[in-house]
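Worksheet for the structure shown next.
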Amino acid sequence: MTQDLFFFIANIAPCISAIAVVICFVNFKTKQPIIQLLGLSQLLYVLSHAASLIVRDVFHGNQNYVYSVYNIIELGLILIIFRVAIQGLNQLLMALVFFSFTVFAVANLSLIQQWKINSYSLIYMSIVVLLYCIYYFYWLITELPTSQLQRLPMFWVTSAWLIFYSGTLFLFTFIDYLVLTQLEKVLQYWTLHNILKIIEALMIAVALWMDLRNIKSRS
Amino acid sequence: MDGSPEYQIALLVGIGTVGMLLLAIAIISFMVFYQKKMISEQLKRKQLEFDHQQRMMQAELESQENERRRLAADLHDSIGGMLSAIRVGISTISKQSSDPTIEQTKQMLDDTISSVRRISRDLMPSTLERFGLVQAVQEMCERFSSTTKLPIHFHEQGILNGLEKSKELMIFRITQELINNTIKHSQATQLDIYIHAANNLIIIAEDDGVGFNIDEQLNSGRKGLGLFSIQNRSSLLGATLEYEKERKKGTRVTLTLPLNNEQ
């Protein structure tokens, strides 16, 4: 795994997300709230990726600070999307989860892991998102809001997050150890993260396409 | 190498990642299949409920027809018979007496006998059982035409064979109800009844009256028993019933029954 190949793979997901952002923001006001929030989430990802490149190449700084802040805002957006998608979701619990994550992430960034990959925050975030994804699927089974599940954009979005965060959970758990003991192979391991990010971006693109299809069939 | 901690960690990460991915895919697959199964169960349940309702309606209509048959038989045999016997007695008395009251009584008795026969025929037309649907409808048109003074023209095309008696009776009742509705509500000056038998049995009732809006009738909540009974019977027959909309004048109702395996 060369550095060039690694960065090439790392940049694919942001490119797909950029296309998704354009699709979301066309006729933005007419889109469902979930799609609007998804658009914001993808925009945030693209901007954070661009910011991290600027920090690395222009300021020769540590990208982890950018990603740590990105993760806090990203979790907030994910929770709001779930709040909109699932009727009757406990808002207080959601607020508590987000507040506790924010406090933990800030403490982790400033005191515990600091400039290193904030894997503890990533593990926390992964577990929270996985639990909400499973809860959303449970809600889908019990409520049966539609007969055609594959035409529901939120089904694709939740599947994307489920695959990404479940696939990277073990990586986040052991990344600290891998950086200490197998630094030369970290790029290979992190490529798994980038590939799963590409799969996530593609599935979110499918969700947006389903939304466009639904709008077309309604009109 | 194989026993080194780095290798073991790498293996753990690999197996853990693959395991978690498989679990995620299993959850998604379960979701999709379970949801399809739930939807299919719901559809089956709705179909069962619909079938049950259809059977209940069928049983109710059969019970109605049996009751009508019984009443018609009683009217014709019992009351009709007694009235005929009374008429014979009054005829004999009228020959022996020239009292004008007896003639009046004889006339009233004749009217009563006609009414009883008419009611008996309306309840259960014997023509339907003996000669079939087409003859029965033709006879009904002629009878209504003469009693109500509304010209009812009967048109026939094709030959209708082998239709089940129960279906013939239901179609007869629908046609009877359509004619009744025209007489009661349409203010028409004429009514045409068409029977066309080929691949489908098509019955059309067309008048030149004031017409009506079927959607308004159905949505108003004032749907009369007549319309309700027509729709029920059509549904049980598996026939389609169309009310021609946007018609300038009058009403045209078309009943279409597929005759796939009947003939």
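Remember, it's a predicted structure, so these values are computed and weren't measured experimentally. In what follows, chains carry the letters A, B, and so on, assigned in the order in which the sequence lines appear, proteins first and then strands, with residues in each chain numbered from 1.
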Atom CZ of Phe7(A): over 12 foreign heavy atoms under 6.0 Å: yes
Shortest non-hydrogen contact from Leu21(B) toward Ile163(A): CD2-O, 3.5 Å
Atom pair NZ/CD1 of Lys37(B) and Ile141(A) - distance to nearest 0.5 Å: 11.5 Å
Engaged part of Tyr165(A) at the chain B interface, taking heavy atoms whose separation is under 4.5 Å: neither
Side chain to side chain, Ile15(B) and Phe170(A), heavy atoms closer than 4.5 Å: no
Closest heavy-atom pair and its distance - Ser159(A), Ile28(B): CB-CD1, 3.6 Å
Where Gln148(A) and Gln35(B) come nearest, the two heavy atoms and their spacing: N-NE2, 4.4 Å
Lys165(B) atom NZ, neighbour heavy-atom count above 12 within 6.0 Å: yes
Side chain, backbone, both or neither of Tyr177(A) within contact of chain B (heavy atoms, under 4.5 Å): side chain
Contact residues of residues 76-95 of chain A (partner chain B; heavy-atom separation under 4.5 angstrom): none
Nearest atoms (heavy-atom pairs only) where Leu162(A) meets Ala24(B): CD2-O, 3.7 Å
CD (Gln42(B)) with more than 12 external heavy atoms under 6.0 Å: yes
Spacing of CD1 belonging to Ile27(B) relative to CD1 belonging to Ile134(A), to within rounding of 0.5 Å: 4.5 Å
Tyr138(A) atom OH, neighbour heavy-atom count above 12 within 6.0 Å: no
Interchain contact, Phe164(A) with chain B, by part (heavy-atom threshold 4.5 Å): neither
Exceeds 12 heavy-atom contacts within 6.0 angstrom, atom CD of Gln54(B): yes
Structural part of Leu12(B) lying under 4.5 Å from a heavy atom of chain A: both
Minimum-distance pair of heavy atoms, taken over all atoms of Gly167(A) and Thr17(B): O-CG2, 3.0 Å
Part of Leu149(A) lying under 4.5 Å from any heavy atom of chain B: both
